[in-house]
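Down below is the structure, laid out as structure tokens.
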Number of protein chains: 2
Amino acid sequence: MTETQKACNPGPATHDHRRCIATALREAEDLCRARAVNLTATRRRVLELVWQGHEPVKAYQIINNFRAGHQATKPPTVYRALDFLMENGLVHRIESLNAFVGCTRPENRHQADFFICTACHRVDEIDSGKIAATFEKLARQQNFTISHKTVEVYGLCRACHEKTGEQFHA
Amino acid sequence: MTETQKACNPGPATHDHRRCIATALREAEDLCRARAVNLTATRRRVLELVWQGHEPVKAYQIINNFRAGHQATKPPTVYRALDFLMENGLVHRIESLNAFVGCTRPENRHQADFFICTACHRVDEIDSGKIAATFEKLARQQNFTISHKTVEVYGLCRACHEKTGEQFHA
DNA sequence: GGACGTTATGTTATAATATAACGTTGATCA
DNA sequence: TGATCAACGTTATATTATAACATAACGTCC
Ligand SMILES: [Zn+2]
Ligand SMILES: [Zn+2]
Ligand SMILES: [Zn+2]
Ligand SMILES: [Zn+2]
């Protein structure tokens, strides 16, 4: 079976996710045009599938859901598209899940840090220079020179925390 | 071929790593005895192999190097041993590398954050409550309730930075 | 003592994630 | 025209991890 096109995350604030997708695709088109890189049909389709929700999406979900029109596709095609999308800051990889999420602010390139809800799986980018500053300070203390980092913080998002207090773990 | 039993990390401060291994094994024995959990021969051997250096070690390196005396072993055995060692805080997993490192201070249980050198691959645990405090503050701002996190910071360690300034990337 | 539970390990097979290597196509342009 | 290039297709395989079931070793309860 193809994986279900999950409804957007639970919680009171469920929204019209088609707008999220449309916005993401439009921004991607604009950015790629501006940067003179080629957002091909394949890459656009992969981006659309990454944006099927605000949860991380696995490569093989994309592969299995790909059939645009009538086409199946194979792992290298999708991994290449993901590489392109990551290079261009349109998608981030969540290392601890082997999965991918659409970037919510691709217009300025960045490495992102994440809050990840263990209940609804929603991912939010942590928007803060404070983290970088904290790490830089610690790094200086041991003469470590930072180049990049993986920061993935798990817990309950507001909605899930309010809803349940206790019933979730993982 | 079996993977090479790598010499300890490069850098001026190369040390007698046999002592690191011996210490780690002794501490593991003491802790397991104190906690009344069973550090079996298999688990001890896996721990020894994780400690073959200060670099992360991959599960299949352990599987391939295992043959203690004469025995080969299979993935489930090693993954189970790694699960035991992680549950007991003797080993940490590096998510972004799919690899494992020995814990340097197993006597008090903790989730660790890491500095990882992209040149010599040395891993050091970041010892600081400041990181946790920074994240807690950000989390409170968006009503996120943290349960655990993956923090893996890449760059150059002191020795590698001094040695080369520029010649490494990755 | 023997039925049973428990913990750890063995064994077989396979799932899930990712890449290597090489071939094809279609656009561009000297 | 044919060299070059970017993107994609295709086949195969590498790498990482787990499911499912069998066995062994040991203690304990009657
Ligand atoms: Zn949405
Ligand atoms: Zn949630
Ligand atoms: Zn050492
Ligand atoms: Zn180094």
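Chain naming here is simple, since letters A, B, ... match the order of the sequence lines and numbering starts at 1 in each.
Listed pair B:T77 / C:dT9 fails the phosphate criterion, with no side-chain N or O lying under 4.0 Å from OP1 or OP2.
At a threshold of 4.0 angstrom between heavy atoms, the contacts of B:R93 are confined to the sugar-phosphate backbone, with no base atom among them. Across all strands, A:R43 comes closer than 4.0 Å only to sugar-phosphate atoms, never to a base (heavy-atom distances).
In this structure the side chain of B:F144 never reaches within 4.5 angstrom of the side chain of A:D124, judged on heavy atoms.
Using a 5.5 Å limit on the distance between ring centres and a 30° limit on the angle between planes, the aromatic ring of A:Y79 does not count as stacked on the six-membered base ring of C:dT19.
Checking C:dG10, D:dA7, D:dT18 against the side-chain heavy atoms of A:N38 singles out D:dA7 as nearest. Relative to the side chain of B:K74, the nucleotides C:dT11, C:dT17, D:dA17 differ in distance, and C:dT11 lies closest. Comparing D:dA7, C:dC22, C:dT9 by their closest approach to the side chain of B:R80 singles out C:dT9.
Within the 6.0 Å centre-distance limit, the rings of B:H17 and B:H54 are counted as a close aromatic pair. Taking the ring centroids of A:H92 and A:F114, they lie under the 6.0 Å cut-off.
The residue among A:V37 and B:K58 whose nearest nucleotide of DNA chain D lies closer to the 5′ end is A:V37.
For A:Y60 against C:dA15, a side-chain-to-base donor-acceptor contact under 3.5 Å is absent.
If you chain together hydrophobic residues whose side chains sit under 4.5 Å apart, A:I94 and B:L138 never meet in one group.
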